[in-house]
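Numbered from 1 within each chain, the chains take letters A, B, ... in sequence-line order. The analysis underlying the following values was restricted to heavy atoms, covering all of them including side chains, and did not include hydrogens, waters or symmetry mates.
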There are 2 protein chains.
Amino acid sequence: MRIGQLAQLVGVETQTIRFYEQQGLLPPPDRQDNGYRVYTEKHGEGLAFIRRCRILGLSLAEIHELQSYQDDPHQPCTAVNALLDDHISHVRSQITALQALEKQLVSLRASCNDDREVEACGILAGISEGNMHQQ
Amino acid sequence: MRIGQLAQLVGVETQTIRFYEQQGLLPPPDRQDNGYRVYTEKHGEGLAFIRRCRILGLSLAEIHELQSYQDDPHQPCTAVNALLDDHISHVRSQITALQALEKQLVSLRASCNDDREVEACGILAGISEGNMHQQ
DNA sequence: TAAAACTATAAAGCTACTATAAGGTCAATA
DNA sequence: TATTGACCTTATAGTAGCTTTATAGTTTTA
């Protein structure tokens with residue numbers, strides 16, 4: 001299987017595959033005589049794993065960590081659980097921050113309407129004067 | 001006022017100020033004979049405006065856009081309102097996405113506990129097999 | 001046979017800074 | 001006076017996770 005086929009199979013760009021290889025997340029595949037990479041099903045699974053992790057918002061470093069656990073299958077999986085717990089709390093704090101931000105933005109938006117000139121714009125005035133009433 | 005004082009006043013690093021100048025967000029200040037930048041209150045206000053926008057999550061490009069409106073004070077502020085509306089909907093979709101992600105992560109986390117070996121880890125298995133039951 | 005589609009590498013670009021290097025300036029101190 | 005320390009200057013590289021571009025070789029298709 002060549003790189004283009006693998007890319008299509010998993011739904012990524014070929015450059016992304018090369019990038020993961022370069023970052024040490026995908027093992028370097030064998031090469032044909034012409035230098036083309038040849039992939040196996042294993043590579044497909046590895047790549048799919050990476051993509052699912054990315055969809056879950058894990059960083060490449062975290063994925064690397066997970067891979068290192070996979071390579072040592074008889075250790076307790078405490079660290080995997082901890083990694084996920086950390087990530088969950090990270091996501092939660094992002095949500096909290098964004099919700100506070102949304103509130104601020106909505107109240108700022110309420111301070112203006114389309115019928116004004118920029119000079120009198122409540123939004124620009126609000127930002128300029130720092131009336132962002134963050135709590 | 002020199003760059004260090006301005007930085008302390010607004011609460012940013014001196015490099016950040018130079019960076020904004022380079023990006024065209026802060027007008028280049030006058031220089032002393034020795035080359036040191038000299039700032040006025042105007043610069044302080046401009047910098048504070050930028051920082052407040054950044055706290056609101058606006059990109060440098062969006063800030064640039066707002067500045068261009070400020071330079072044209074007799075236009076209707078429709079575009080400002082629209083920019084904010086867009087940003088609000090952007091923030092909202094981020095929140096929605098993160099909430100869905102949190103759900104996925106929590107359900108994945110529930111599929112394992114600390115008493116297993118990596119080999120039997122419900123989380124790794126879940127990711128590997130794509131049981132991420134995204135809806 | 002020639003063009004289209006694929007592959008390769010290397011390097012730059014993206015965002016919004018932050019950090020580092022190497023050096024010039026200035027006031028106060030030993 | 002020499003030097004220390006705090007400040008300033010520019011230029012360059014690093015961060016994350018790719019994407020884009022440039023340049024070139026290979027394979028497939030018309």
Partner of A:Leu105 under side-chain contact (heavy atoms from CB on, under 4.5 Å), picked from B:Val91, B:Asp85, B:Leu58, is B:Val91
Point to revise | Same cluster (ILVMFWY, side-chain, under 4.5 Å), B:Val106 and A:Leu66 | key: yes
From CD1 of A:Ile63 across to P of D:dA16 the rounded distance in Å is 13 Å
note: A:Leu26, atom CG; D:dG17, atom C1'; distance rounded to Å ~ 14 Å
**Report entry** A:Asn34 vs D:dT27: side-chain N/O to OP1/OP2 distance below 4.0 Å
**Finding:** yes
*Give the cluster check for A:Met1 versus A:Ile3: same hydrophobic cluster or not, with ILVMFWY residues linked at side-chain heavy-atom distances below 4.5 Å.*
yes
note: B:Gln22, atom CD; D:dA13, atom C1'; distance rounded to Å ~ 13 Å
To the nearest angstrom, the OH-P distance between A:Tyr20 and D:dC18 comes to 3 Å
Of A:Gln32 and A:Gln15, the one whose closest nucleotide on DNA chain D sits nearer the 5' end is A:Gln15
Here the distance between atom C1' of C:dC6 and atom OH of A:Tyr39, to the nearest Å, is 14 Å
Are A:Ser128 and B:Gln70 close enough that some pair of their side-chain heavy atoms sits under 4.5 Å apart? yes
Here the distance between atom P of D:dT21 and atom CD of A:Glu13, to the nearest Å, is 12 Å
Between the base of D:dG25 and the side chain of A:Tyr36, is one N or O donor paired with an acceptor at under 3.5 angstrom? yes
Whole-Å distance, A:Ile17 CD1 to C:dT7 C1', equals 12 Å
Taking OP1 and OP2 of C:dA8, is either one under 4.0 Å from a side-chain nitrogen or oxygen of A:Arg18?
-> yes
Rounded to whole Å, the CZ-P distance (B:Arg37 to C:dT25) equals 15 Å
Between A:Ile50 and A:Arg2, whichever has its closest DNA chain D nucleotide further toward 5' is A:Ile50
TODO: Would you indicate, yes or no, if C:dT18 has its OP1 or OP2 atom less than 4.0 angstrom from a side-chain nitrogen or oxygen of B:Thr16?
DONE: yes
inquiry  = Quick one, B:Tyr20 with B:Arg54, criterion side-chain hydrogen bond (donor to acceptor under 3.5 Å, both in side chains). Give me CA distance, side-chain angles, the key distance, then yes/no.
reply    = CA-CA 12 Å; B:Tyr20 288 153; B:Arg54 293 291 301 132; 4.6 Å; no
Regarding the side chain of A:Phe19, the nearest nucleotide among D:dG17, D:dC8, C:dA16 is D:dG17
